[in-house]
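Since this is a predicted model, take the numbers as computed values, not measurements.
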Amino acid sequence: MIVGALALQGDFREHIAMLRALDIEAREVRTPAELEAVDALVVPGGESTTIGRLAVQYGLMEPMRGRIRAGMPVLGTCAGMIMLASGTVEYDQPQLGVLDAVVRRNAFGRQVDSFEASLDVVGLDAPMHAVFIRAPWIVKVGADVDVLASIQDELGESHPVLVRQDRILATSFHPELTGETRLHEMLVGLA
Amino acid sequence: MSTPTPQHGTDTVKRGLAEMLKGGVIMDVVSADQAKIAEEAGACAVMALERVPADIRAHGGVARMADPSKVEEIMGAVSIPVMAKSRIGHFVEAQVLESLGVDYIDESEVLTPVDDRHIDKHAFTVPFVCGAKDLGEALRRIGEGAAMIRTKGEPGTGNVIEAVKHMRLMNSQIRWLTTLDENEVMNAAKELRAPYALVQEVRETGQLPVVNFAAGGIATPSDAALMMQLGCDGVFVGSGIFKSGDPSVRAAAIVEATTFYRDAEKIAKVSQNLGEAMVGINIDTLPDEELMQHRGS
């Protein structure tokens with residue numbers, strides 16, 4: 001099994017290093033031909049506008065959409081979550097629309113509001129240590145989407161930050177920055 | 001359901017944003033319109049300025065932090081991260097920029113330094129990027145709390161030679177460190193004038209503990225790809241975009257060359273018909289006192 005990391009911009013190298021540490025073959029994906037050769041995909045953190053623009057420019061949107069709809073497992077982190085989702089609250093930007101969810105970009109605020117925290121996840125015994133960097137959260141999910149973790153804002157309102165829809169996993173935070181391997185293991189398990 | 005006890009401004013959080021910028025292009029902008037052009041062209045962040053380095057060089061006099069209204073105008077125009085520059089050692093300019101909510105502060109030699117000492121960057125929640133000509137300078141800045149490093153190049157010249165020299169030197173010093181015996185590390189720290197613990201860390205990992213971007217003199221897609229092939233994690237483009245003939249086309253081309261930096265055919269394709277590059281300056285013709293890279297070390 002080969003896992004690709006979309007390598008247009010962002011921290012794809014960290015995802016690849018993490019997958020290789022798990023003894024999984026991992027490759028950078030920049031072209032439709034490289035996408036063709038992988039069995040699962042990670043869409044990394046980065047700037048979603050940059051990644052989206054390059055994905056459109058280099059003809060990756062339709063092939064990614066097609067593969068994911070046909071059942072290829074995918075994990076999107078932060079910008080990757082935005083790419084997978086069906087809409088954002090404020091911005092009109094390229095998205096795959098494979099995850100039935102609407103996200104709010106920079107939902108926690110600017111960089112000075114970025115943080116790390118411990119996060120309880122449905123189905124996991126030990127919490128995850130999660131790093132949120134100018135992170136999005138989810139404002140609306142469809143019926144097929146399971147919310148696996150949420151965070152409460154200052155007003156006590158709860159916002160999903162880890163969701164799963166069939167073989168699609170999406171997080172607001174960055175498991176690849178903290179050596180948190182369980183989501184990558186989950187991704188491989190979905191193949 | 002989690003009720004987190006969030007920790008802000010940790011090293012992981014500060015360095016993490018730089019990780020997200022990797023493989024991307026950070027563009028100098030002086031207005032909301034330029035910021036939007038940069039974002040649409042695929043910039044991963046913008047640097048909010050009153051004047052680009054080429055104009056600072058031409059203008060002369062004391063160069064200071066931008067007018068806060070300029071920074072706010074640019075922050076309001078785009079959804080990508082916004083950086084801004086403070087003078088070296090001017091911790092109050094840095095406090096002001098932090099209060100505005102900028103996402104990164106560049107403690108920059110492009111502006112006129114106010115002190116031989118750099119800012120204590122550990123004291124801030126907002127992360128800092130600093131320039132470095134060599135490994136010792138990079139580790140001193142990281143020791144002071146910088147969460148990201150960039151080459152110093154020679155800003156505002158459109159001439160990439162100095163950035164290349166800085167990156168080559170950094171690479172060779174890192175390689176040298178990895179060959180040292182344990183009992184040589186303290187002496188290396190002394191030679192590099194760098195904190196022992198950081199020297200030891202680089203010796204063990206063979207890399208800087210933070211992201212390292214290219215900056216200074218990058219004007220073409222090939223310049224950007226050159227710096228990426230030399231091992232930089234991404235590029236800053238200062239005057240090179242908005243001092244060129246067709247900024248939006250050149251900006252997009254530099255973004256694409258930074259992603260496909262090993263693909264000469266793609267670089268050739270995006271380099272076609274870009275219009276005039278910025279004119280540029282031969283650094284040999286600049287008197288020493290006009291070189292910005294020697295400010296702060």
Side-chain angles (χ1 to χ4, degrees), chain A residues 7-14 30-31 44-54 57-58 77-79 88 90-91 93 105-106 108-122 127-135 147 149-152 156 158 161-162 173-174 176-178, chain B residues 1-26 38-46 75 78-83 97-105 124-127 147 211 233-234 252 255-256 258-263 266 270:
Chain A
L8 298 174
Q9 191 269 324
D11 72 336
F12 50 87
R13 282 206 307 254
E14 279 57 41
R30 290 186 177 81
T31 62
E47 274 307 309
S48 61
T49 51
T50 306
I51 296 171
R53 185 190 170 280
L54 288 165
Q57 184 93 353
Y58 287 91
T77 61
C78 197
T88 74
E90 298 166 275
Y91 303 101
Q93 63 186 81
R105 289 183 54 197
N106 305 332
F108 296 92
R110 303 193 70 97
Q111 172 62 11
V112 289
D113 305 302
S114 295
F115 64 98
E116 46 186 313
S118 177
L119 191 67
D120 291 329
V121 176
V122 173
M128 278 189 183
H129 187 68
V131 183
F132 294 84
I133 295 175
R134 286 173 47 95
V147 175
S150 299
I151 269 197
Q152 271 186 356
S158 172
V161 293
L162 170 58
F173 55 91
H174 295 282
E176 75 279 10
L177 289 186
T178 54
Chain B
M1 173 63 57
S2 297
T3 313
T5 46
Q7 294 174 281
H8 297 85
T10 61
D11 281 351
T12 305
V13 168
K14 287 175 170 177
R15 294 175 181 183
L17 178 54
E19 297 286 343
M20 298 313 136
L21 301 173
K22 282 194 306 196
V25 182
I26 301 167
E39 184 175 45
E40 276 159 26
C44 67
V46 292
M75 285 169 57
V78 291
S79 66
I80 56 179
V82 176
M83 300 183 165
L97 292 172
E98 182 176 58
S99 80
L100 296 176
V102 303
D103 297 296
Y104 241 94
I105 294 175
F124 289 78
T125 304
V126 67
V211 165
D233 294 312
V255 168
E256 288 164 40
T258 302
T259 291
F260 295 98
Y261 66 95
R262 290 193 188 282
D263 188 336
K266 281 209 170 68
V270 302

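Of the two parts of B/V25, neither the backbone nor the side chain holds a non-hydrogen atom closer than 4.5 Å to a non-hydrogen atom of chain A. For A/R110, the parts sitting under 4.5 Å from any heavy atom of chain B are the backbone and the side chain alike. Heavy atoms of A/L54 lying under 4.5 Å from chain B belong exclusively to its side chain. The part of A/T31 that comes within reach of chain B is its side chain, from C-beta onward, which places non-hydrogen atoms under 4.5 angstrom from that chain. Contact annotation for A/A79: neither backbone nor side-chain heavy atoms come within less than 4.5 Å of a heavy atom of chain B. Looking at A/F12, there are no atoms closer than 4.5 Å to chain B (heavy atoms on both sides), in backbone or side chain. Within the 4.5 angstrom heavy-atom criterion, no atom of B/A45 approaches chain A. Contact annotation for A/E90: neither backbone nor side-chain heavy atoms come within less than 4.5 Å of a heavy atom of chain B.
Options B/G24, B/G101, B/A252 differ in how many heavy-atom pairs under 4.5 Å they form with chain A, and the most are formed by B/G101. Of the listed residues (B/M75, B/K266, B/H8), the greatest number of heavy-atom pairs within a distance under 4.5 Å of chain A belongs to B/H8. Most heavy-atom pairs under 4.5 Å with chain A: of the set B/D263, B/T10, B/V82, B/V102, this distinction falls to B/T10. Of the listed residues (B/E39, B/E19, B/E40, B/K22), the greatest number of heavy-atom pairs within a distance under 4.5 Å of chain A belongs to B/K22. Counting heavy-atom pairs closer than 4.5 Å to chain A, the top residue among B/L17, B/T258, B/T12, B/V255 is B/L17. For the set A/T178, A/D113, A/I51, the entry with the most heavy-atom pairs within less than 4.5 Å of chain B is A/D113.
Judged as a side-chain hydrogen bond (donor to acceptor under 3.5 Å, both in side chains), and not counting sequence neighbours, A/E47 has no contacts. Residues that satisfy the side chain to side chain contact (heavy atoms under 4.5 Å, CB included) test with B/E98, not counting sequence neighbours, are A/V112, B/F124, B/T125, B/V126.
Of the inter-residue distances, the one linking B/T259 atom OG1 with A/Q57 atom CD reads 10.5 Å to the nearest 0.5 angstrom. The CE atom of B/M20 lies 3.5 Å from the NE2 atom of A/H174; values are rounded to the nearest 0.5 Å. Here the OG1 atom belonging to A/T50 is positioned 9.0 Å from the CG atom belonging to B/L21, to the nearest 0.5 angstrom.
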>> As a quick check of understanding, evaluate side chain to side chain contact (heavy atoms under 4.5 Å, CB included) for A/T49 and B/S79, giving each step before the final call.
In response: CA-CA 9 Å; A/T49 51; B/S79 66; 4.0 Å; yes

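Across every non-hydrogen atom of B/C44 and A/Q9, the tightest pair is CB-NE2, 3.8 Å. Nearest heavy atom pair, residue A/R105 against residue B/I80, reads NH2-N, 4.5 Å. Among all heavy-atom pairs drawn from A/A117 and B/P6, the shortest one is CB-CA, 4.2 Å.
Between B/P127 and A/Q111 there is a side-chain heavy-atom pair separated by less than 4.5 Å.
The pair B/E256-A/R53 meets the salt-bridge criterion, since a charged nitrogen lies less than 4.0 angstrom from a carboxylate oxygen. Ion pairing of B/D233 with A/R13 is present here, as a side-chain N (NZ or NE/NH1/NH2) and a carboxylate O approach within less than 4.0 Å.
Remark: the backbone N or O of A/F115 is not paired with any side-chain donor or acceptor of B/Q7 at under 3.5 angstrom.
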